[in-house]
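Here the structure is laid out as C-alpha cells; the discussion comes afterwards.
In the text below, chain A, chain B and the rest are named by the order of the sequence lines, each starting its count at 1. In this text the structure is predicted, and so the values were computed from the model without any measurement.
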2 protein chains.
Amino acid sequence: MEKEVTIYDIAKRLNYSPATVSRALNDHPAIRSDTKDVITSMARQMGYRSNTFASNLRRQRTNTIGVIVPRLNSNFMSCALAGMEKVANEAGYNLIISQSLESARKEKANAKTMFDSRVDGLLVSVSYDTEDIEHFDDFINKGVPLLFFDRVIEHNQCPSIVIDNVKAGYEATTHLLEQGCTRLMHVTGNLKRNVYADRLKGYRMALQDRDIHYEKQLVLETDLSQEAGVEAARQLMAFPHRPDGLFVTNDLCAVTCMGQLKKAGLSIPADVAVVGFNNDPVSQVVEPNLTTIHYPGREMGEIAVKSLINHLNGLMDMQTTNTIILRSELIIRASSLKKAH
Amino acid sequence: MEKEVTIYDIAKRLNYSPATVSRALNDHPAIRSDTKDVITSMARQMGYRSNTFASNLRRQRTNTIGVIVPRLNSNFMSCALAGMEKVANEAGYNLIISQSLESARKEKANAKTMFDSRVDGLLVSVSYDTEDIEHFDDFINKGVPLLFFDRVIEHNQCPSIVIDNVKAGYEATTHLLEQGCTRLMHVTGNLKRNVYADRLKGYRMALQDRDIHYEKQLVLETDLSQEAGVEAARQLMAFPHRPDGLFVTNDLCAVTCMGQLKKAGLSIPADVAVVGFNNDPVSQVVEPNLTTIHYPGREMGEIAVKSLINHLNGLMDMQTTNTIILRSELIIRASSLKKAH
DNA sequence: TTTTTTTCTGCAACCGATTGCAAATTTAAA
DNA sequence: TTTAAATTTGCAATCGGTTGCAGAAAAAAA
C-alpha cells in the first residue's frame with residue numbers, strides 16, 4: 001500500500017509552491033502554460049490523484065448530486081436513472097441514489113442523509129404518501145438547488161420536470177372513446193400525486209368533451225401493483241353494466257388486469273379495450289399488445305441532471321424556469337383497436 | 001443562508017475543547033457520560049451537522065460504496081441495486097452507482113472515477129466485452145475491497161457472489177428433456193462471461209447425461225436483446241429438423257422470440273417448449289406464461305453490500321470467503337409443459 | 001534607462017474533524 | 001494524609017487542497 005502523492009510532493013520535486021501546483025492542475029489562468037505542462041506531466045508521472053475531500057472541504061462543494069426516488073426497480077425509473085447517471089458522469093458529477101420505498105418517513109430520512117452529505121443539488125420524485133415537503137426546507141434555505149421530476153410538488157422555488165399528464169390522460173381516454181367504447185373504467189394511483197390526479201383530469205375532460213357523464217365508481221384508486229390489477233379486473237366484471245374500456249395508468253398493472261379478464265373469458269379489445277401507461281417492455285409482449293403512453297424516462301433523467309448542472313455552473317437560473325414539460329405520446333397497439341384502421 | 005455550526009462553536013459555547021466535543025459526539029469511551037449528554041444535546045440545539053469531508057479527510061474513509069454495473073435498467077439489476085441501497089442506507093453508507101453500458105472502456109473510466117472518489121469498497125458486475133481486470137488493480141493494490149457479483153471474474157483476491165449457473169442451466173435443460181423435447185436450441189449471451197458460459201455448461205451436461213449429441217449449431221451466442229430474440233426465432237424455424245425446445249438465458253429475449261414463433265404459427269409449448277431466465281415480470285404476462293429460472297436479484301444486492309460492510313468493519317475477512325452462491329430455482333409455467341402434471 | 005503595467009508565483013491562513021500524547025482531575029489504595 | 005492508579009480532558013499537529021493578497025518578475029510604455 002504505497003503512500004498517496006500530494007501536491008506538496010509535486011511542489012517539492014519541482015521546486016514550486018503547493019499553491020502553484022494546485023492552480024496549475026486546475027488550469028488557473030494565472031499560471032504560465034509551460035509551467036502547467038511541467039506540473040501536470042510530473043503529476044501524471046508520480047501517480048498523483050486529487051483528494052476530493054480536501055478539495056470539497058475547502059470549496060464547500062461536492063460534485064455530487066442526490067437522487068431520491070420511490071423505488072428504483074421499475075422500468076421507467078431505472079431508465080430515468082440510467083439517463084441521469086450518463087449525463088452526470090460525463091459532467092464529472094457523481095450520483096447518490098436512495099429510495100423512499102413509498103414512505104414519507106423514509107423520504108425524510110433520505111433527505112437528511114443527502115443534506116448531511118452536502119450534495120450540490122437534489123432530484124426528487126416524491127413518495128406515495130408524502131404530504132408536505134418541509135423536509136426539503138433545509139435545501140431551500142441553504143440555496144441547494146432542488147428539482148422535482150415525474151411525481152412533483154408545486155413549489156415556487158423548485159422547478160419540475162414532467163410530461164403533460166392531463167393531455168396524456170385526455171388522449172388515452174379519447175382514443176378509447178373513438179374506438180367506440182362507451183363506458184370507461186379508470187384504474188389509477190394515489191390521487192394526491194400530480195401524475196395520477198392530472199391523468200384523471202384528462203380522463204374527465206375527455207368524457208366531458210363528448211358529453212359523457214362522469215361516474216365516480218368507475219375510477220379506482222389503487223397502488224398500481226399487480227395485485228391491484230387482479231382486483232381491478234374483479235371489480236370491472238362485477239359491474240352490472242360492464243365497462244367496455246379500461247385505462248390503467250401503469251402497464252404492469254394493466255397487463256395483469258388484462259390477463260385476469262382474458263382468463264374470465266373476455267376478449268380484448270372486443271369486450272374490453274385497454275390502454276396502459278409508460279410503454280414498459282411488457283406492453284409489447286402481452287397479447288394483444290398493449291396500447292400505452294410512451295413516457296420518456298431516459299430523456300427525463302438526462303434533462304433533470306442537465307438542468308441542475310447548468311444551474312450549478314451559473315449557465316442557467318432554475319428559479320426562472322418553473323416547469324419543463326416533455327413530450328409524451330400515445331402508442332396505439334392491438335389492445336385498444338376495435339376498429340380496423 | 002445561515003452559517004454552518006462546527007464543533008468549535010459547540011466547544012466555545014460550553015467551554016470545552018473541540019477535541020472533547022468531537023469525542024463526545026463520537027461516543028468515545030474516554031468522555032464521561034454526563035459530559036456527552038450535555039454536548040450532544042447542545043449540538044442538537046445548535047443545529048450542528050457533522051462535516052463529512054473534514055471527517056473523511058482526516059480518517060481516510062468515505063462511507064461510500066461504489067457500484068459498477070453494465071446497465072441499471074434491467075429488472076434484475078434494478079432489483080439488485082434496490083437491495084444494495086437498502087442495506088447500505090441502513091448501515092450509514094452511501095452508494096455511488098455508475099454504468100459501463102457494456103463497454104470495457106467506460107468500465108475503466110468508471111473504475112478510475114470510483115478510485116478517485118476513494119470509495120471504501122467496490123461492487124462490480126463486468127461488462128460484455130471486459131477482457132482483463134487491470135483497471136481494478138489500483139483497488140487491489142491499495143487494499144480496497146472489491147467484490148464481483150452476477151457477472152464475475154475469477155480473482156483470488158476478490159470474492160464473488162453468484163448463483164450456480166451450471167446447475168440452473170442443467171435444470172432448465174433437463175426439464176425440457178423431461179417434457180419430451182428431443183432437440184434443444186440454446187440462445188445465450190457472450191460466452192466470455194461466466195454466467196453464460198456456465199449455463200451452457202449445464203446445458204451440455206444435461207444433454208450428455210441423457211446421451212444426446214451436442215450440436216454446436218444449436219447454440220446461438222447473441223447480445224440477448226429483443227432483436228436477438230427475433231433473429232433466434234428466424235434461425236430456429238430455418239432448421240430442416242426444427243428444434244422442439246428452446247432455452248434462452250434472458251426472459252425478455254425469450255418472450256420476444258416466443259412472440260415471433262407464435263406469429264409464424266407455431267404453438268408453444270406443443271411445437272416448441274420454452275424456458276427463459278431471470279423471472280422477469282414479463283414471464284408471467286406472456287402467453288403462455290414463461291417457465292424460467294428465478295434469479296434472486298434483491299438478495300444478491302443485499303448480500304453483496306452486507307459482505308462488503310462486514311469486511312470493512314473487520315467482522316469478516318473477504319479474502320477467505322471466495323464465492324458465495326445463492327439459491328436459484330426453476331419456476332415451471334405453461335411455456336414448457338408438454339405433459340400434463 | 002526608467003516607469004508603468006501586466007503576468008506569475010508564493011506565503012500563509014483556512015476548511016472542520018480527528019487523535020497521540022501529556023496533563024489535570026478524580027478515585028482508590030496505602 | 002500521601003501515593004498510586006484510573007479516569008477525563010485539552011493541546012496541537014494533521015489530513016490535502018484552495019485562495020486572498022502581496023510581492024517578484026517580465027513585458028510594455030515612456
What integer distance in Å separates A:Tyr16:OH from D:dA24:P? 18 Å
Side-chain contact check for A:Thr20: nearest option of C:dT9, D:dT18, D:dG10 is C:dT9
Of residues 27-40 of chain B, the positions that come close to DNA chain D - non-hydrogen atoms, cut-off under 4.0 Å: B:Ala30, B:Ile31, B:Arg32, B:Thr35
Euclidean distance, atom CZ of residue A:Arg59 to atom C1' of D:dG17 [Å, nearest integer]: 9 Å
Restricting both atoms to N or O, compile the protein contacts to nucleotides 13-16 of chain C shorter than 3.5 Å, with distance only.
residue : atom : partner : partner atom : Å
C:dC14  : O2   : A:Arg58 : NH1          : 3.1
C:dG16  : N2   : B:Ala54 : O            : 3.4

Which residue pairs satisfy the salt bridge (charged side-chain N to carboxylate O under 4.0 Å, His left out) criterion with at least one member in residues 76-85 of chain A, sequence neighbours excluded? A:Glu85-B:Lys106
Can you list everything that forms a side chain to side chain contact (heavy atoms under 4.5 Å, CB included) with A:Ser74? Sequence neighbours excluded, please. A:Phe76, A:Met77
Determine whether A:Ser98 and A:Thr113 make a side-chain contact, defined as any pair of heavy atoms from C-beta on separated by less than 4.5 Å. no
In Å, rounded to the nearest 0.5 Å, how long is the span from CE of B:Met84 to CG of B:Asn89? 14.5 Å
A:Leu14 CG to C:dT9 P, in whole Å, measures 12 Å
Across the strands shown, which category fits B:Asn26 at heavy-atom distances under 4.0 angstrom: base, sugar-phosphate, nothing? sugar-phosphate
Looking at residues at least two apart in the chain, or sitting in another chain, which of them share a salt bridge (charged side-chain N to carboxylate O under 4.0 Å, His left out) with B:Arg59? none
Whole Å only: how far is the CG atom of A:Asn15 from the P atom of D:dA24? 18 Å
Looking at B:Glu134 and B:Lys108, does any basic side-chain N land under 4.0 Å from a carboxylate oxygen? no
Rounded to the nearest 0.5 Å, what separation is found between the OG1 atom of A:Thr64 and the CE atom of A:Met114? 10.0 Å
One thing to verify: whether A:Arg193 and A:Glu102 come together as a salt bridge, which I'm taking to mean a side-chain N less than 4.0 angstrom from a carboxylate O. no
Under the salt bridge (charged side-chain N to carboxylate O under 4.0 Å, His left out) definition, can you give me all pairs with a residue in residues 10-23 of chain B, not counting sequence neighbours? none
Whole-Å gap separating P (D:dG16) and CG (A:Asp9): 9 Å
Between D:dG16 (C1') and B:Asp116 (CG): distance, integer Å: 14 Å
Ranking B:Val21 and A:Ser22 by the position along DNA chain D of their nearest nucleotide, the one closer to 5' is B:Val21
Spacing of A:Leu25 atom CG relative to D:dG17 atom P, expressed in whole Å: 9 Å
